[in-house]
Amino acid sequence: MNRPAAVAHRGRRERSRTANWRRRAPAIAAAAGILLLWQAIVSGFGVPTYIAPTPIQVLQVFVEQGDVLWINFWPTLMEAASGFLVGNTVAAVLAVWFVHSQLAERAFYPIAVFVNTIPIIAVAPILVLLLGNGYAPKIVIAALICFFPTLVNMVRGLKAVSPQMVELMRVLSASGREVLFKVRLQSSLPFLFAALKIASTTCVIGAIVGEWIGSNYGLGSLIIEATYNFRAPLLYATVVLGAGMAVAAFAIVSFVERRVLRWKPPEVF
Amino acid sequence: MRDLAVRFETDTGLVTALDGVGFDVPVGGLVTMLGPSGCGKSTLLRAVADLVPIGDGEIRVFGRSPEDARLARDFAFVFQDATLLPWRSAIDNVRLPLEVGRRDGGVEQHAEPDELLALVGLAGREAALPHELSGGMRQRVSIARALVCRPRVLLMDEPFGALDEITRDKLNEELLRIWRETGTTIIFVTHSIPEATFLGQKCLVLSAHPGRVRQYVDIDFGGPRTLAIRDTLEFVEVTAHLRGLLEEST
């Protein structure tokens, strides 16, 4: 790269950084405003700490009880991540099967819909009875919550191949496997990532809900414990940490999506 | 010489797209197919490409059935839509036919993808993704892809129908050049009378309900075809004749 080009490139990057700031500034200012207002209301009206802590007290928990938070953070992260992996993998494999076998789709799709309609909070105790008190039921709950959106989206994505593309592959005498690997899987990726973004946040919810039902570790159990003991600042800090985990997971999936999907989705054509 | 013959003979059934159609395409020729919508010209082309089954009658592509011709890659198809894989670069889209559907594993004679992109006027755009190309350029890529297996027949189903007129004129000229340079037989379906006249050495005019051959017209301007011939009297006479045939048949 020659010099003027390098300078121009840097200039462009700086400009886009300023533009980024300008775009994000309102959200940051609004969040800061809400925190300030919260702090002012709680201390101004003298609300007791066990009912509502101030943002500063919540922050103090992170500093003083950081070890408790971290010890409970890892199991939840592990359960959420495993559930994400298991749920989405099973959903993707089933979707491929459904697209290739109408019989399978007719037989199992209604069952998948039925399972999805059962509230996860009602399934959780059943799974604890079945699988005991360890990691297993939490992973299954996190997986279940990821499963359905991915299944639906993936089936749609695999079918979202234009009739002309199907005809083209037929003119080329392509086998079903070639159509799957060269066309369908790739064209389903935008749909898959849309589902993975949903799953990245719901898998954390699944893990936490799983921990509510009989568990003595993890963010979910910490939430229950802090509530029963009126340790409001700890409760809030745990919630913030759980939300942070979900946001981070979402950001990772979005990052991977930008890396993988460099082409425009098919509706452009 | 009868190397590509299409015969449809049907007299039963409620809906018959084509009835008693018969015509031959000369080797190395460029035949355009013109007809009112619903006359079955697309169906006819799809039948040649083994995309729709034929009832009675027969289609022979260089003496083979459409299915055998498909497996032997005797023909390639260009759709109205470029039908490119949006995640593949131009050159990788051209390579697609070399990667799929070759169960025998034999080494086929094929053209070089980069030379084909140069042939269709896209040298230097090999790495471009479809969304970075204009509609006309995407259709050029799809023509290059169709040529990669050196097909003996190129079947084109209104390939320029979705393009603006200026782009369409340009691609018509280029298609003639490509046809001369490759020597491929082309069957070109269109609903544009000037396009059918400009491109075709022969024009098959079909009538609708049921689809029949109205007339198989020879078109000869005795000289190289450039866009300018479309303003000559001879050209206008041919288009007027074709239009007359179409109006009678509806």
Shortest non-hydrogen contact from A:L172 to B:R73?
O-NH2, 2.7 Å
Part of A:V183 within contact of chain B (heavy atom distance under 4.5 Å)
both
Residues which pass side-chain hydrogen bond (donor to acceptor under 3.5 Å, both in side chains) with B:T83, listed by chain and number, not counting sequence neighbours
A:Q164
Report yes if the side chains of A:E178 and B:L96 come closer than 4.5 Å at any heavy-atom pair, otherwise no.
no
Would you say CD of B:E181 has more than 12 non-hydrogen atoms from neighbouring residues, nucleotides or ligands within 6.0 angstrom?
yes
What do you reckon, is CD1 of B:I166 surrounded by more than 12 foreign heavy atoms closer than 6.0 Å?
no
Nearest 0.5 angstrom please: B:F77 CZ to A:E167 CD, how far?
6.5 Å
About how many Å separate CG of B:L85 and CG of A:L168, when rounded to the nearest 0.5 Å?
7.5 Å
Need one label for B:E132: side chain, backbone, both or neither, based on atoms under 4.5 Å from any heavy atom in chain A.
neither
What's the shortest heavy-atom distance between B:R70 and A:R170, and which atoms?
CD-O, 3.1 Å
